[in-house]
Amino acid sequence: MGIKVRVPTPLRRFTGGNDEVAAEGDSIKAVIQDLDRRHPGIGERLLDEKGELRRFVNVYLNGDDIRFLSALDSKVKDGDDISIVPAIAGGR
Amino acid sequence: MAKTSKNILDEARSAIKSIDIDEARRMLEKPGTVLIDVRESDEWRQGHIPQAVAIPRGFLELRIEEKVPDHKAPVILQCASGTRSLLAARTLRELGYENVYNLTGGFNAWKDRGLPWIADRAFTPEELNRYSRHFVIPEVGEKGQAKLLDSRVLILGTGALGSPSSLYLAAAGVGTIGLVDFDVVDSSNLQRQIVHTTDRVGMPKTESAQKQINALNPGIKVIRHDVRLSSDNVMEIIKDYDVVVNCGDNFPTRYLINDACVLAKKPLVDGAIFRFEGNATVFYPAAGGPCYRCLYPEPAPPDMAPSCAEAGVLGALPGIIGSIEALEAIKLLLGAGKPLIGRMVYFDTLSNDYVRILKIRKNPECPVCSDHPTQTTLIDYEAFCGLAAPATDGAGDAQHAAAAGR
């Protein structure tokens with residue numbers, strides 16, 4: 001069944017336009033690594049050179065910001081729902 | 001034989017205990033005592049006793065149970081002079097209320113004694129009709145409408161988000177609306193910026209928006225700020241407003257207005273859009289909530305930022321987000337319900353389950369809004385966002401468009 005990852009519009013060019021993709025892994029970090037294997041290039045948009053989550057990207061695990069869980073080490077299980085929400089600035 | 005009015009009044013006088021102002025005040029000091037003002041609503045508006053509850057005599061039987069469910073509670077009835085309230089008191093006795101009192105001399109005697117009283121805002125007949133759908137909403141009512149009319153909201157940007165936001169705030173009767181924009185209306189704006197019109201292409205956006213706002217509601221005072229918001233002018237511009245609504249379109253301005261609102265302890269209603277996607281939340285650290293920097297500590301570098309100048313902006317989507325911003329501003333002004341503090345409503349309208357509520361939290365290490373801030377003044381936000389010096393006019397706003405889009 002895997003983990004459901006919701007992909008925001010700006011990153012859909014990596015997922016062939018899909019707004020929702022499946023991934024595997026027992027932590028957020030593992031899920032992102034798996035995501036990058038399936039959709040090369042997306043990992044670099046989420047993690048910096050040190051492997052930390054970029055500070056203008058938020059990842060929500062079942063609606064909760066992972067920074068306030070265990071960040072990239074937050075445990076993930078089958079059926080979980082992950083949302084990637086980068087900063088957007090448009091309004092005009 | 002039919003009774004005369006004198007008979008009826010005499011009967012009521014012998015059945016109902018009359019009390020004077022001193023006794024009424026003593027009774028009102030005890031919790032549980034209810035003071036009902038049975039005068040008509042226009043009399044009430046002109047002045048009433050602060051503790052009183054308004055139930056015009058014609059509605060007494062219909063509304064008393066809702067206001068005073070306990071039939072044993074002490075109830076003091078009051079009108080202008082003490083006559084209508086005497087008859088009202090008799091009605092309450094017939095309804096089974098056991099401890100009913102009539103205030104001798106009524107509101108006039110209270111006022112003559114120099115005791116405190118308050119006057120509600122006097123609405124014009126036009127306002128009474130215009131806001132009649134608000135008056136019947138319990139969370140608004142006449143009191144809430146008076147609050148809205150006395151409120152001041154600053155809208156940053158009169159574009160895609162600022163259009164619906166300003167129109168709904170004006171329609172709702174937010175008395176003073178400030179508009180910040182330095183751009184002029186272009187025909188490419190009109191596919192989404194519904195506060196502007198074709199015949200106003202070339203006009204400053206604040207002027208165009210002012211015309212539309214006042215066409216919708218001539219009672220609204222519009223204050224135009226035809227400037228580019230900067231660290232030098234932002235504190236002066238926001239200082240007199242109750243709520244700031246962010247309808248901006250670039251990262252430097254988003255960090256600038258966030259930091260300024262944190263420093264000024266003002267609530268900031270925030271919204272942002274990208275194609276079919278958008279989100280809205282309320283940043284209000286003074287009320288315990290997070291700020292924009294808690295959410296996104298650093299801006300996206302220009303080469304990573306989603307560009308909606310290239311991507312485009314859909315008209316109906318800012319309609320949703322801008323309306324939510326107006327709604328949240330109204331909730332904050334009224335003190336109604338739970339504001340979207342610590343919650344982001346996130347729309348991805350291309351999918352078929354398109355609303356998500358995301359929890360956002362205060363960062364205990366936030367450089368701006370935490371208990372021990374490391375940044376207590378405004379900074380150079382263009383540099384912070386990795387951008388060159390600001391352009392000097394709206395048309396030359398290319399680097400912003402690249403960073404954020406419009």
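Proteins come first, then strands; the chains are lettered A, B, ... in the order of their sequence lines, and each starts at number 1.
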Taking side chain as everything from C-beta outward and backbone as N, CA, C, O, which of these in B/Ile321 sits under 4.5 Å from a heavy atom of chain A? Side chain, backbone, both or neither. neither
Under 4.5 Å heavy-atom distance to chain B, tell me which part of A/Arg12 shows up: side chain, backbone, both or neither. side chain
Taking atom CG of B/Leu268 and atom OH of B/Tyr292, what is their separation to the nearest 0.5 Å? 10.5 Å
Under 4.5 Å from any heavy atom of chain A, what part of B/Arg356 do you find: side chain, backbone, both or neither? side chain
Bottom line for B/Phe276: the part with an atom under 4.5 Å from chain A's heavy atoms is neither
May I ask you to name which of A/Leu11, A/Asn62, A/Thr9 has the most heavy-atom pairs under 4.5 Å with chain B? A/Thr9
Tightest non-hydrogen contact, residues A/Phe68 and B/Pro364, listed as CE2-CD, 4.3 Å
Pair B/Asp259 + B/Arg293: basic N to acidic O under 4.0 Å: yes
Carboxylate-amine/guanidinium proximity below 4.0 Å for A/Lys4 and A/Asp78: no
Between chain B and each of A/Asp64, A/Asp81, A/Asp19, count heavy-atom pairs under 4.5 Å; write down the option with the most. A/Asp64
Under 4.5 Å from any heavy atom of chain A - which part of B/Leu358: both
If I measure from the heavy atoms of chain B, does A/Val85 come under 4.5 Å with its side chain, its backbone, both, or neither? both
Go through it in stages, so that I can follow the logic: the residues are A/Asp48 and A/Lys50, the test is salt bridge (Lys or Arg N to Asp or Glu O under 4.0 Å), and I'd like the CA-CA distance, side-chain angles, deciding distance and then a yes or no. CA-CA 5 Å; A/Asp48 65 18; A/Lys50 294 179 206 145; 5.6 Å; no
Got A/Ile82 and A/Ile28 here, is their nearest side-chain heavy-atom distance under 4.5 Å? yes
In terms of heavy-atom pairs under 4.5 Å, which option from B/Pro318, B/Cys247, B/Gly248 contacts chain A the most? B/Gly248
Ion pair check, A/Arg92 and B/Asp183, cut-off under 4.0 Å: yes
